[in-house]
> 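There's a structure below that I have some questions on.
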Amino acid sequence: METKNGVDTPGRAPIAQPHLRTDNWRKAPLWTFIGLTAFVVYATIRVFTQSAYFVEGANFHYLSPFASPCLSDSCGAAAEFGTWGTFPQLIPLAILTLPFILLFRLTCYYYRKAYYRAFWMSPAACAVPEPRAKYSGETRFPLIMQNAHRYFFFIVVGVSAINTFDAVKSFHGTEGFGLGLGNIIIVVNVILLWSYTLGCHSCRHITAGRINHFSKHPVRYWLYQKASKLNGKHMQLAWITLGTLVLTDAYIALISLHPNFDLRFIG
Amino acid sequence: MSTLEKHSYDVIVIGAGGAGLRAAIEAREQGLSVAILCKSLFGKAHTVMAEGGIAASMGNVNSKDCWQVHFADSLRGGKFLNNPRMVELHAKEAADRVWELETYGALFDRTKDGKISQRNFGGHEYPRLAHVGDRTGLELIRTFQQKIVSLQQDDFAEFGDHEARLKVFAEMTVTELVKDGDAIAGAFGYYRETGAFVLFEAPAVILATGGIGKSFKVTSNSWEYTGDGHALALRAGANLINMEFVQFHPTGMIWPPSVKGILVTESVRGDGGILTNSEGKRFMFDYVPDVFIDQYAKTEAEGDRWYEDQENNKRPPELLPRDEVARAINSEVKAGRGSPHGGVFLDVSTRLSPEVIKRKLPSMYTQFLELADVDITATPFEVGPTCHYVMGGVEVDADTEETCVPGLFACGEVSGGMHGANRLGGNSLSDLLVFGMRAGTGAAEYVRGLGDKRPAASEADLEAAGKAALAPFHADAQARTGTTAAPENPYTVHTDLQQVMSDLVGIIRRESELTEALDKLQVLRVRADDAAVEGHRQFNPGWHLALDLRNMLDVSECLAKSALERHESRGGHTREDYPTMDPNWRGVNLVCRLIPGTDTMELIHRPVPTIRPDLLALFDRHELEKYLTAPELAVLDSPQSPSSVEGEQA
Amino acid sequence: MSHQAEFKVWRGDSDGGDLKDYTVEVNDGEVLLDVIHRLQATQAPDLGVRWNCKAGKCGSCSAEVNGKPSLMCMTRMNTFDPNETVSVTPLRAFPVIRDLVTDVSFNYEKARQIPAFSPPEGVGPGEYRMQQVDVERSQEFRKCIECFLCQDVCHVVRDHDDNKQAFAGPRFLIRAAELDMHPLDSRTDRAVFARDEQGIGLCNITKCCTEVCPEHIKITDNAIIPMKERVVDKKYDPLVWLGSKIGIRHD
Ligand SMILES: Cc1cc2nc3c(=O)[nH]c(=O)nc-3n(C[C@H](O)[C@H](O)[C@H](O)COP(=O)(O)OP(=O)(O)OC[C@H]3O[C@@H](n4cnc5c(N)ncnc54)[C@H](O)[C@@H]3O)c2cc1C
Ligand code: SF4
Ligand code: SF4
Ligand code: FES
Ligand code: FES
């Protein structure tokens with residue numbers, strides 16, 4: 001930092017203050033920091049405690065998205081796609097999908113912006129100098145791996161299909177069909193997850209973003225427009241889905257501890 | 001001046017607007033070395049503000065359009081005072097010049113079949129304006145800027161130097177043209193950044209400096225429009241013609257005061273906007289002049305239908321040429337039917353949906369929202385006339401754009417003749433393209449014709465030019481006037497000049513006021529000579545303004561003199577004391593020039609170039625009767641000699 | 001209605017300077033540029049400032065207002081508290097010339113490095129046919145008024161002068177996108193150029209450029225990210241790579 005760089009580079013207007021912003025520019029990165037940290041803490045605890053992730057009754061079958069697909073012998077009725085033996089505590093039950101969901105979100109263009117700003121302060125806010133003197137962006141390892149985002153997108157489309165399957169299953173308990181608040185929460189969560197996923201920049205690119213003649217590919221262009229529309233809300237969906245994931249998981253935890261707390265509409 | 005920085009080129013282009021850049025591209029493509037000089041940064045010239053579009057009869061939207069119709073529209077719009085040869089070349093070549101832009105990378109809005117879309121504009125019979133939303137000028141400038149970069153890349157590949165044959169000197173103001181005997185030898189100027197002087201030696205200089213609007217108080221023009229090119233040409237011995245014709249655009253913003261004058265593009269009306277007065281009446285129906293009575297709708301219903309069906313209906317009178325609309329608004333306000341801040345209402349929200357408005361007029365939408373807190377998709381907004389364009393300018397040869405000074409060329413707004421008494425919207429951008437290119441060719445031919453004989457500037461002239469440019473630093477009121485008054489502030493003199501021009505030489509003119517204006521201009525001249533500036537030569541706006549003042553005063557004087565002389569009302573010149581158009585004045589161009597060897601201006605009458613019979617044949621005899629004198633019509637009727645109509649007048 | 005307001009305007013050149021205090025009259029409906037002009041006309045005739053259109057169309061009047069890169073002609077005075085002291089400085093990512101005027105030649109150099117539009121072979125003037133939907137994406141980027149606010153705010157060069165060599169900046173990444181998405185441009189190497197010569201990898205999509213763009217161009221979402229995706233197509237996608245090896249063409 002000591003060699004004159006950034007706004008102190010010789011030749012630029014010599015101004016003592018590193019920046020002159022008078023608004024509350026710390027607020028946004030602070031909230032981002034708090035929000036993301038809280039989610040990570042919650043998710044870590046829930047994933048590694050391996051408890052209260054599933055509950056089944058006569059007319060419902062609730063499985064937390066943090067534990068789907070449940071692949072340990074310990075899953076019991078929650079295991080819908082077979083099991084791979086008994087997992088120790090440190091192996092998440094959804095070991096098949098969680099790493100990809102994590103990588104998908106970690107390489108998501110929106111989250112990248114969020115954590116570069118809030119955690120790495122690069123930059124914390126616009127026109128506020130960043131604390132580091134050297135910067136190479138996403139040109140080197142490991143950040144060059146951000147370019148793999150689209151592969152995680154493909155995988156997560158599959159994960160979303162599993163989530164959809166879970167949602168359908170959630171209506172069917174040991175004795176048959178039913179409808180409770182839990183189902184609604186799960187379905188809403190899945191819809192929002194799809195909205196987040198399909199609004200991905202890579203999805204936009206794959207549908208038609210990569211071609212230059214929309215007019216010659218009307219179907220792809222139609223899909224592109226839909227993806228673009230969702231993409232416009234990508235930041236909001238990124239936050240909302242963190243919220244609904246937590247809500248879904250927490251609700252299921254609650255019901256698994258107190259099965260009759262579930263607000264039932266049918267069955 | 002031994003340390004004076006000097007550069008040599010084949011052609012110097014003063015001005016980096018559409019005209020200058022097109023000229024520079026042409027001269028460079030013909031193999032000459034070219035320098036472009038401009039007062040602002042490259043890419044900021046006034047042309048970037050143009051909104052509506054480029055008029056060219058491509059016939060993409062209505063296939064009936066052709067150059068003949070464009071020709072007739074332009075001549076009609078100019079009230080038959082135009083140089084007919086220029087109008088003809090313009091109408092014939094505009095389409096090719098627009099298509100060429102696509103090969104440079106321009107992206108116009110498209111029709112359904114993938115061609116360049118065209119929109120309606122006042123005075124144009126068919127949809128004719130190629131456009132990009134309401135930022136056509138930006139597209140034009142950027143396209144040329146990028147074309148220039150591409151030529152520079154070619155030069156880099158060939159010579160290892162981007163600027164081998166084409167270089168832009170931005171933020172460089174030319175203060176004087178230098179001559180060798182009668183012929184142009186180059187241009188003298190200073191870098192705005194450092195204040196250092198530079199001489200550009202070149203046998204050919206193309207003026208493309210734009211207009212003069214900054215002499216008026218309410219204007220859509222930027223600080224660059226101080227009439228530099230007009231004044232440079234005048235001082236170099238060239239002629240200015242038609243200077244009395246100034247276009248007041250009918251629709252400028254009028255509220256809040258800080259945005260007063262900023263343009264509201266004519267496309268607002270072209271796309272369906274209507275004008276109403278404080279009583280909610282569409283008053284334009286009351287102001288259709290006789291000469292246009294056959295071309296415009298008589299009822300609101302017909303005007304409305306025209307937007308859907310142009311074959312069977314006539315256009316609404318909101319789309320009359322600008323001079324008519326500006327005068328009508330002026331009359332409404334005077335009659336007490338104006339809007340709260342002294343204008344009238346313009347409304348697009350009734351005919352177009354918010355989505356369409358935002359797509360077709362995006363910058364108008366944001367301009368009003370961000371600067372005036374008005375949502376034009378929901379409510380009418382106030383507009384009033386604003387000084388917009390000067391029809392008058394340097395007299396040039398129609399084909400080559402050469403002035404009467406050998407080696408001096410002019411194109412774009414700074415040149416005169418093309419638009420006659422009034423310019424149609426969209427005809428300026430096409431003018432820049434057509435005559436910019438011709439000026440480039442003209443200059444190239446001239447330079448080639450010279451062979452090795454290069455004119456050279458004299459030391460004495462350079463000395464004098466340097467001294468004149470530094471005068472504001474030495475201005476000393478006491479020495480000059482013998483009083484103890486403080487020296488003048490150039491900003492105050494400028495404000496006073498604008499007040500004089502707006503009050504006394506504005507939309508509606510009178511003999512007494514024009515005489516008064518001329519007197520006041522003399523006083524302002526003395527004050528301008530006393531205007532002193534503080535500080536240093538680096539980027540000193542006070543100094544820059546003091547130098548520009550001289551040009552504004554030269555131009556304003558020409559303008560007021562010509563306006564006083566023309567005893568009629570025509571297009572952009574309205575005399576309260578001579579309210580009608582007089583066919584006897586139709587054939588007269590007023591030429592303003594310096595009496596050779598002096599600083600004194602004189603005004604001479606010169607016939608307007610004749611209109612060829614085949615071109616006259618494009619009009620109804622009935623229509624011609626409104627413009628031509630009885631003898632002119634008689635010539636037209638005589639079966640023996642269908643010869644052309646001479647514009648003659650005592 | 002008018003009131004007196006306090007301003008801190010940076011005066012000086014590259015050798016030194018400071019924020020000078022001025023008290024200037026402010027009237028209803030005015031923008032910051034009006035105030036700067038009044039300051040020039042009444043108290044500081046030699047205050048260096050660039051402007052042209054005063055309508056947000058030319059991109060000349062860029063400065064930093066209360067630390068934020070902004071166009072002075074589009075900064076309404078009623079967005080400030082009347083008692084607030086407003087600071088106005090030149091752009092801080094470029095060398096200063098004087099007062100509010102900076103040397104923006106960096107941008108013109110970068111512009112010159114991008115290969116120009118390459119016309120399609122065999123299509124003459126007047127024969128260009130393009131659909132509106134196909135030109136709209138590039139048209140968004142052509143709205144750019146070259147105010148260079150995005151270039152100024154971008155931390156890649158603002159905070160790291162040494163990156164100026166390698167990084168073209170958001171303005172010229174949208175130029176790359178514009179040409180790459182042009183339906184008739186005949187070059188196919190623009191994405192690779194964006195990576196290798198324009199340093200698109202240096203951008204960490206933190207979106208400050210989009211935040212300051214007065215033309216509301218979605219620089220990051222519509223240009224930079226799609227270009228990053230196109231770079232992936234060309235450089236990091238094993239399927240495309242394989243496809244190109246075995247001769248399957250992608251457009
Ligand atoms: C708001 C607005 C909207 C408009 N809309 C339209 C429209 O839709 N359609 C249309 O056809 N016309 C329109 N016009 C008119 C048209 O834009 C102008 O007439 C035209 O752009 C003038 O171009 P130009 O090349 O002659 O000069 P400009 O583009 O004005 O360029 C003048 C150049 O000369 C330079 N210069 C001036 N003096 C000097 C000097 N002393 N030394 C060095 N350089 C100098 C300047 O720096 C500048 O680069 C509009 C005008 C305005 C103001
Ligand atoms: S998004 Fe990229 S280009 Fe834009 S400001 Fe941020 S780092 Fe710079
Ligand atoms: S992209 Fe926007 S911010 Fe950047 S130069 Fe263009 S208009 Fe200015
Ligand atoms: S998921 Fe956010 S961009 Fe792909
Ligand atoms: S003066 Fe043109 S953008 Fe501000």
Side-chain angles (χ1 to χ4, degrees), chain A residues 4-7 9-17 19-23 25 109-110 112-114 116-117 120 122-123 125-130 132-140 143-144 146-151 201-202 204-206 209-216 221 228 231-232 234, chain C residues 10 12 14-19 64 66-69 84 87 89-96 102-103 131 133-134 152-153 155-156 158-163 167 180-183 185 199 201-208 211-212 220-221 225-226 228-233 235-237 250-251:
Chain A
K4 298 260 182 199
N5 197 359
V7 289
T9 307
R12 300 196 194 175
I15 298 173
Q17 299 85 333
H19 70 84
L20 288 160
R21 283 188 66 162
T22 51
D23 56 332
W25 57 268
Y109 287 97
Y110 168 68
R112 272 144 79 179
K113 170 197 167 190
Y116 287 141
R117 281 200 185 197
W120 205 244
S122 172
C126 302
V128 172
E130 56 180 318
R132 272 161 299 272
K134 280 276 157 233
Y135 174 86
S136 59
E138 300 183 333
T139 57
R140 303 215 190 115
L143 292 183
I144 199 166
Q146 306 278 30
N147 285 308
H149 182 60
R150 69 172 59 159
Y151 307 104
H201 278 284
S202 296
R204 220 178 151 214
H205 176 75
I206 294 155
R210 60 194 308 280
I211 54 182
N212 287 342
H213 290 92
F214 291 156
S215 55
K216 293 188 186 147
Y221 181 53
S228 299
N231 183 265
H234 199 56
Chain C
W10 194 83
S14 59
D15 295 333
D18 51 280
L19 288 162
E64 297 190 8
N66 279 346
K68 283 191 197 161
E84 181 177 353
S87 73
T89 71
L91 301 181
R92 295 180 70 180
F94 309 122
V96 69
T102 47
D103 171 3
Q131 289 302 316
V133 286
D134 297 337
D152 176 56
V153 81
H155 69 116
V156 178
R158 183 184 178 92
D159 293 340
H160 310 278
D161 211 65
D162 48 330
N163 279 335
F167 189 57
D180 204 39
M181 295 174 187
H182 190 303
D185 179 67
L202 284 166
C203 162
N204 67 352
I205 53 168
T206 34
K207 285 201 178 174
C208 287
E211 263 179 48
V212 299
T220 333
D221 283 348
I225 293 175
K228 282 192 177 236
E229 287 291 320
R230 286 175 179 223
V231 170
V232 177
D233 280 350
K235 284 285 168 183
Y236 303 112
D237 187 331
H250 287 259
D251 73 352

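Since the structure is predicted, the reported quantities are computational estimates derived from the model, not experimental observations. To find a chain, count down the sequence lines: A is the first, B the second, and so on, and within it residues start at 1.
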> To the nearest 0.5 Å, how far apart are NE2 in C:H155 and OH in A:Y116?
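Taking NE2 in C:H155 and OH in A:Y116, the distance rounds to 9.5 Å.
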> Can you say whether C:E211 sits under 4.5 Å from chain A via the side chain, the backbone, both, or neither, judging by heavy atoms?
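Only the side chain of C:E211 comes within 4.5 Å of chain A.
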> Specify which of A:A16, A:G137, A:S136, A:A13 makes the most heavy-atom pairs with chain C at under 4.5 Å.
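Option with the top pair count is A:A13.
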> So for A:S202, is it side chain, backbone, both, or neither that comes closer than 4.5 Å to the heavy atoms of chain C?
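Both backbone and side chain.
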> When you check the side-chain N and O atoms of C:H160 and A:E130, is any donor under 3.5 Å from an acceptor?
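Side chains of C:H160 and A:E130: pair found under 3.5 Å.
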> What I'd like to find out is whether the side chain of C:V231 reaches to under 4.5 Å of the side chain of A:N147, using heavy atoms alone.
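When only atoms from C-beta onward are counted, A:N147 and C:V231 do not touch, as no gap falls below 4.5 Å.
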> Check whether any side-chain heavy atom of A:L20 lies under 4.5 Å from a side-chain heavy atom of C:L19, and answer yes or no.
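Yes, at least one pair of side-chain atoms sits under 4.5 Å.
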> Sort A:S228 into side chain, backbone, both or neither according to what part of it lies under 4.5 angstrom from a heavy atom of chain C.
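Interface part for A:S228: neither.
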> Heavy-atom distance under 4.5 Å to chain A: side chain of C:P183, backbone, both or neither?
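Interface part for C:P183: both.
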> Nearest 0.5 Å, please: how far is CZ in A:R112 from NZ in C:K207?
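Between C:K207 NZ and A:R112 CZ, I get 11.5 Å after rounding to 0.5 Å.
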> Given side chains that start at C-beta, do those of A:R117 and C:C208 come closer than 4.5 Å, heavy atoms only?
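Yes, their side chains come closer than 4.5 Å.
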> Salt bridge (charged side-chain N to carboxylate O under 4.0 Å, His left out) between A:R150 and C:E229: does it pass, once the steps are laid out?
CA-CA 8 Å; A:R150 69 172 59 159; C:E229 287 291 320; 2.9 Å; yes
> Working to the nearest 0.5 angstrom, can you tell me the gap between C:N204 CG and A:E138 CD?
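Answer rounded to 0.5 Å: 6.0 Å.
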> Under a 4.5 Å heavy-atom cut-off, does chain A meet the side chain of C:S87, its backbone, both or neither?
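Looking at C:S87, just its side chain touches chain A.
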> Check for a donor-acceptor pair, side chain of A:N5 on one end and backbone N or O of C:D161 on the other, with a separation under 3.5 Å.
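Indeed, once roles are kept as given, a pair shorter than 3.5 Å links the two residues.
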> If we define contacts as heavy-atom pairs under 4.5 Å, which of C:K228, C:Q131, C:M181, C:R230 has the most with chain A?
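That would be C:R230.
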> Please determine whether a side-chain nitrogen of the Lys or Arg among A:D23 and C:K68 lies less than 4.0 Å from a carboxylate oxygen of the Asp or Glu.
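Judged by the 4.0 Å cut-off on N to carboxylate O distance, A:D23 and C:K68 do form a salt bridge.
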> Given that the side chain runs from C-beta out, which part of C:Y236 has a heavy atom under 4.5 Å from chain A: side chain, backbone, both or neither?
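Contact with chain A is through both the backbone and side chain of C:Y236.
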> Relative to chain C, which of A:T22, A:V128, A:T9, A:I15 shows the most heavy atom pairs under 4.5 Å?
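Ranked by contacts with chain C, first place is A:I15.
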> What part of A:Q17 gets within 4.5 angstrom of chain C, counting heavy atoms only: side chain, backbone, both, or neither?
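For A:Q17, heavy atoms of backbone and side chain both lie under 4.5 Å from chain C.
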> Would you call C:D159 and A:Y135 a side-chain contact if the rule is heavy atoms closer than 4.5 Å?
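Contact flag for C:D159/A:Y135 side chains = no.
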> Determine whether C:N66 and A:R21 make a side-chain contact, defined as any pair of heavy atoms from C-beta on separated by less than 4.5 Å.
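No, side chains not in contact.
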> Pick one of side chain, backbone, both or neither for C:D221, based on which atoms fall under 4.5 Å of a heavy atom in chain A.
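The answer is both parts of C:D221.
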> Please classify the contact of C:D180 with chain A as side chain, backbone, both or neither, using a heavy-atom distance under 4.5 Å.
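The backbone, not the side chain.
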> At a 4.5 Å cut-off on heavy atoms, which part of A:Y221 comes close to chain C: side chain, backbone, both, or neither?
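Contact with chain C: side chain only.
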> Taking A:F214's backbone N and O only, do any of them form a donor-acceptor pair with C:D134's side chain (distance below 3.5 Å, no angle check)?
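Between the backbone of A:F214 and the side chain of C:D134 there is a qualifying donor-acceptor contact (under 3.5 Å).
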> Contact part of A:R140 toward chain C, heavy-atom cut-off under 4.5 Å: side chain, backbone, both or neither?
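It is neither, since no heavy atom gets under 4.5 Å.
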> Could you tell me which portion of A:K134 (side chain, backbone, both or neither) has an atom closer than 4.5 angstrom to a non-hydrogen atom of chain C?
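Both parts, backbone and side chain.
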> Is A:I144 in contact with chain C via its backbone, its side chain, both, or neither, using a 4.5 Å heavy-atom distance?
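Only the side chain of A:I144 comes within 4.5 Å of chain C.
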> Count the heavy atoms belonging to other residues, nucleotides or ligands that lie under 6.0 Å from CH2 of A:W120, then report whether that count exceeds 12.
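No, the 6.0 Å shell around CH2 holds no more than 12 heavy atoms from other groups.
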> Select, from C:P69, C:P95, C:G17, the one with the greatest count of heavy-atom pairs under 4.5 Å involving chain A.
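So the answer, after comparing C:P69, C:P95, C:G17, is C:P95.
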> Which pair of non-hydrogen atoms, one from A:K113 and one from C:I205, has the smallest distance, and what is that distance?
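Nearest pair, atom of A:K113 first, then C:I205: CB-O, 3.4 Å.
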> Under a 4.5 Å cutoff for heavy-atom pairs, which residue among C:D185, C:D152, C:V133 has the most contacts with chain A?
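Option with the top pair count is C:V133.
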> Given the options C:T206, C:D162, C:V212, which has more heavy-atom pairs under 4.5 Å with chain A than any of the others?
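Maximum pair count with chain A is reached by C:T206.
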> Are any of the side-chain heavy atoms of C:V232 and A:H149 separated by less than 4.5 Å?
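No, their side chains stay 4.5 Å or more apart.
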> Would you say C:R92's side chain and A:A127's backbone share a donor-acceptor pair under 3.5 angstrom?
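Not confirmed, C:R92 side chain does not pair with A:A127 backbone.
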> Would you mind checking which part of C:L91 comes under 4.5 Å of any heavy atom in chain A, side chain (CB onward), backbone (N, CA, C, O), both or neither?
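Neither part.
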